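Structure first, then comments.
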Amino acid sequence: MVAIGFHSHWLNGIDYMGQTYKKKDKYKHYTFPLAVAIVLSGIYEDDQDNSDEVVYTGQGGNDLLGNKKQISDQVMKRGNLALKHSMEESVPVRVIRGHASQNSYCGKLYTYDGLYKVINCWDEFGASGFKVFKYRLKRIDGQPTLISNQVRYVRAEVPRSLSELQGLICEDISGGQENIPIPATNSVDDPPFAPTGFSYQNYMQVAEGVVIPEVSKGCTCNGMCVDPNVCACAKLNGSDFPYVRRDGGRLIEAKAVVIECGPKCGCGPACVNRTSQKGLKYRLEVFRTPSKGWAVRSWDFIPSGATVCEYVGRLMPTKELEKENVPENNFIFEIDCLQTMKGLDGREMRSGNVPLPSGVHLDRVENQNPDGTPEFCIDAGQIGGVARFINHSCEPNLFVQCVLSSHHDIRLARIVLFAADNIPPMQELTYDYGYALDSVVVDGKVKKMPCYCGARECRKRLY
Ligand SMILES: C[S@@+](CC[C@H](N)C(=O)[O-])C[C@H]1O[C@@H](n2cnc3c(N)ncnc32)[C@H](O)[C@@H]1O
């Protein structure tokens, strides 16, 4: 790349035109240094790559000879300043991605992925606690589409084994309950500590007094459900299966409610219409962040529409929460499928003019709690699965999907998290908590909680 002038620095990720260009007449209106190209090669622990949109970490402060982690604050000069000038002067930047490749003599392969514009820049404290500059770049429209495997393995530092994990504090927080271990890492605190104050449980605990409805009748298919005109469950989903078979089952689109096959159906466990019941499919890691506590990421690429995990904990009536004298519980998930179905609370109404299963009438359900709060919630404060560690983002990569798989009572639907996009390895997994601003009132006062998701359109408050 240096030889052909594509990127003229051997080591730096940011290539820029220096002050000498100022002397040339045709450049006199520009401010230098001015960035012209960046290389994304997974060196920076804070980089995020979503193919068409990239959050790039500025240069400097990382331990190039050691584990490549950030070891000091970055400074606004050279490449960092050049990228800021490119943003201010609206000068596009070439984006080159480095990919690990055994077929290359240097172990890496580089692809030119087109022109991007720097649309935003800010500083923040990175994963290792030092100041880093961040630049959001957006791919300019009208260029050939990027194919996903061009960006799939950009985060080259996906650990191959537990021994490669930085800050490992627990090899499997699920204690063997999940089919894939979930390690926890903490590279933020000194001394590091593990998540405490809860017991891992990968199934729902039903609180006393909550009556789980009888198992629904289901379909009469054999082996696998294949014909949507025959399968009674497919008919409840609007006469089609909500999933396609690729990658072990991918949800075609977010729906008001997904009705899966259940215990009384004739089909077997491999049926695609049981996709969310098959346990973890991706290698997840719980990791410590500097500002949001614990968080979750995946070592594997997650294709859009794939099931990630279910939100489990203690299933209880929402009104019981008042009786429990807990000062603050950040792990309550209200089962508010009805809000999504009816587009209430500022929510986008989802597709799926699903005929509600017999026995469920929206109006009757709506009248259950006169103040509009959902009748049931899942409390993952003391017991819960990996979903309890997933943070909120104003631009999330997961979405919440209500799923009915054994009974058809929407008030007690399962809450399952699905990939909203193709998610590259090591990117933090997030969903929109869906709080309306000023909706949390404690002792008559509106409670405000800052949001640190870092999204471009972050509304700065969780609630
Ligand atoms: C369900 S827990 C998520 C896991 C949590 N981070 C932990 O350490 O266990 C929800 C809590 O995480 C924190 N949190 C989640 N998303 C956040 C965000 N975008 N900004 C700030 N805090 C966040 C808030 O304290 C929130 O009440």
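Atoms within each ligand, like the ligands themselves, are counted from 1 in listed order. Heads up: numbering here begins at 1 and tracks the sequence. Quick caveat, the model's predicted, so the values are computed rather than measured. Just so you know, these numbers use all the heavy atoms, side chains as well, and skip hydrogens, waters and symmetry mates.
The Leu462 neighbourhood of ligand 1 comprises atoms 17 (C), 18 (C), 19 (N), with distances under 4.0 Å to a heavy atom of that residue. For ligand 1, the atoms closer than 4.0 angstrom to any heavy atom of Cys451 are 19 (N), 20 (N). If you number the atoms of ligand 1 from 1 as listed, the ones under 4.0 Å from a heavy atom of Arg388 come out as 1 (C), 2 (S), 3 (C), 4 (C). Residue-ligand proximity, Ile390 to ligand 1, at heavy-atom distances under 4.0 Å covers atoms 3 (C). Counting atoms of ligand 1 from 1 in the listed order, those under 4.0 Å from a heavy atom of Tyr452 are 18 (C), 19 (N), 20 (N), 21 (C).
The residue from Lys460, Met449, Arg288 that puts a heavy atom closest to atom 24 (C) of ligand 1 is Met449.
Atom 15 (C) of ligand 1 has Asn391 OD1, 3.0 Å as its closest protein atom, hydrogens excluded (heavy atom only). Nearest protein neighbour of atom 16 (N) of ligand 1, counting heavy atoms only, is His392 N, 3.0 Å. Regarding atom 7 (C) of ligand 1, its nearest protein heavy-atom neighbour is Trp294 N, 3.6 Å. In this structure, the protein non-hydrogen atom closest to atom 9 (O) of ligand 1 is Phe331 CZ, 3.4 Å. The protein heavy atom nearest to atom 11 (C) of ligand 1 is Asn330 CB, 3.9 Å. Nearest protein heavy-atom contact of atom 6 (N) of ligand 1 is Lys292 O, 2.6 Å. In this structure, the protein non-hydrogen atom closest to atom 10 (C) of ligand 1 is Tyr433 OH, 3.3 Å.
Between Cys458 and Cys451, the closest heavy-atom pair is SG-SG, 3.8 Å. The two residues Val258 and Tyr243 come nearest to each other via the heavy atoms CG1-OH, 3.8 Å.
Residue Phe193 places its CZ atom among more than 12 non-hydrogen atoms of other residues, nucleotides or ligands, all under 6.0 Å distant.
Atom CZ of Arg314 is separated from atom CD of Glu208 by 9.0 Å, given to the nearest 0.5 angstrom. The OH atom of Tyr56 sits 9.0 Å away from atom CG of Leu137, with the distance rounded to the nearest 0.5 Å. To the nearest 0.5 Å, atoms CD1 (Ile182) and OH (Tyr282) are separated by 14.5 Å.
Not a single heavy atom of Ser393 lies less than 4.0 angstrom from ligand 1. Within the structure, the closest approach of Thr289 to ligand 1 does not fall below 4.0 Å when heavy atoms are considered. Using a 4.0 Å cutoff on heavy atoms, Pro450 counts as a contact of ligand 1.
A distance-only check finds a donor-acceptor pair linking the side chain of Gln177 to the backbone of Asn202 [under 3.5 Å].
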Exercise for the section: Test ring pair (Phe, Tyr, Trp, His ring centres under 6.0 Å) on Tyr135 and Tyr116 and set out the steps. Expected result: CA-CA 11 Å; Tyr135 302 86; Tyr116 285 61; over 10 Å; no

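Look at Glu375 and Arg411 and you find a salt bridge, because one of the NZ, NE, NH1 or NH2 atoms lies within 4.0 Å of a carboxylate O, short of that distance.
Each of Tyr431, Phe331, Phe333 was scored for a ring-ring contact (aromatic ring centres under 6.0 Å, His included) with Tyr311, with one residue passing: Phe333.
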